[in-house]
Amino acid sequence: SDVEVGAVEANFDYCEVKSIVMKQLEGDLSLKKQTVYLRNTIVEGDIIFEQGNGHVIVEGSSKVKGKIIGGTKEKIKEQ
């Protein structure tokens, strides 16, 4: 399913989602970097950061099949 999040960070563990939209935040929160943590999660579509200052941390067998719009991606190697 499509997921919309209005928060500074979001965690997805062992999930499968169509897309993730990190909504624009208000006030001081709009200055903070938004982070999405993916642990063994598949995102079929895009991850969109409306604020344009997002970061995706990809762990385990996680995959983003679409694009990351308004953010960057960091792959964490398994220990």
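Being a predicted model, the structure only gives us computed values, none of them experimental.
- Pairs of residues two or more places apart, or lying in two chains, that qualify as salt bridge (charged side-chain N to carboxylate O under 4.0 Å, His left out) and include a residue from residues 24-41 are D13-R39, R39-E59.
- Under a 4.5 Å side-chain heavy-atom cut-off, the cluster of Ile, Leu, Val, Met, Phe, Trp and Tyr residues that includes M22 is completed by V3, V5, F12, V17, I20, V36, L38, V43, I47, F49, V56, V58, V64, I68.
- With sequence neighbours excluded, the residues satisfying side chain to side chain donor-acceptor pair (under 3.5 Å) with K23 are E50.
- Proximity of a side-chain donor or acceptor of Q51 to a complementary backbone N or O of L31 within less than 3.5 Å is not detected.
- In the model, N40 has a side-chain atom that pairs as donor or acceptor with a side-chain atom of Y14 under 3.5 Å.
- Clustering of Ile, Leu, Val, Met, Phe, Trp and Tyr side chains at separations under 4.5 Å places L29 together with V8, L25.
- Checked against side chain to side chain donor-acceptor pair (under 3.5 Å), S30 has no partners two or more places apart in sequence or in another chain.
- Through direct or relayed side-chain contacts under 4.5 Å between Ile, Leu, Val, Met, Phe, Trp and Tyr, I48 connects to V21, I69.
- Between E44 and K18 there is no salt bridge, since none of the side-chain N atoms of the basic residue sits less than 4.0 Å from a carboxylate O of the acidic one.
- Atom CD of E9 is separated from atom CD of Q34 by 10.5 Å, given to the nearest 0.5 angstrom.
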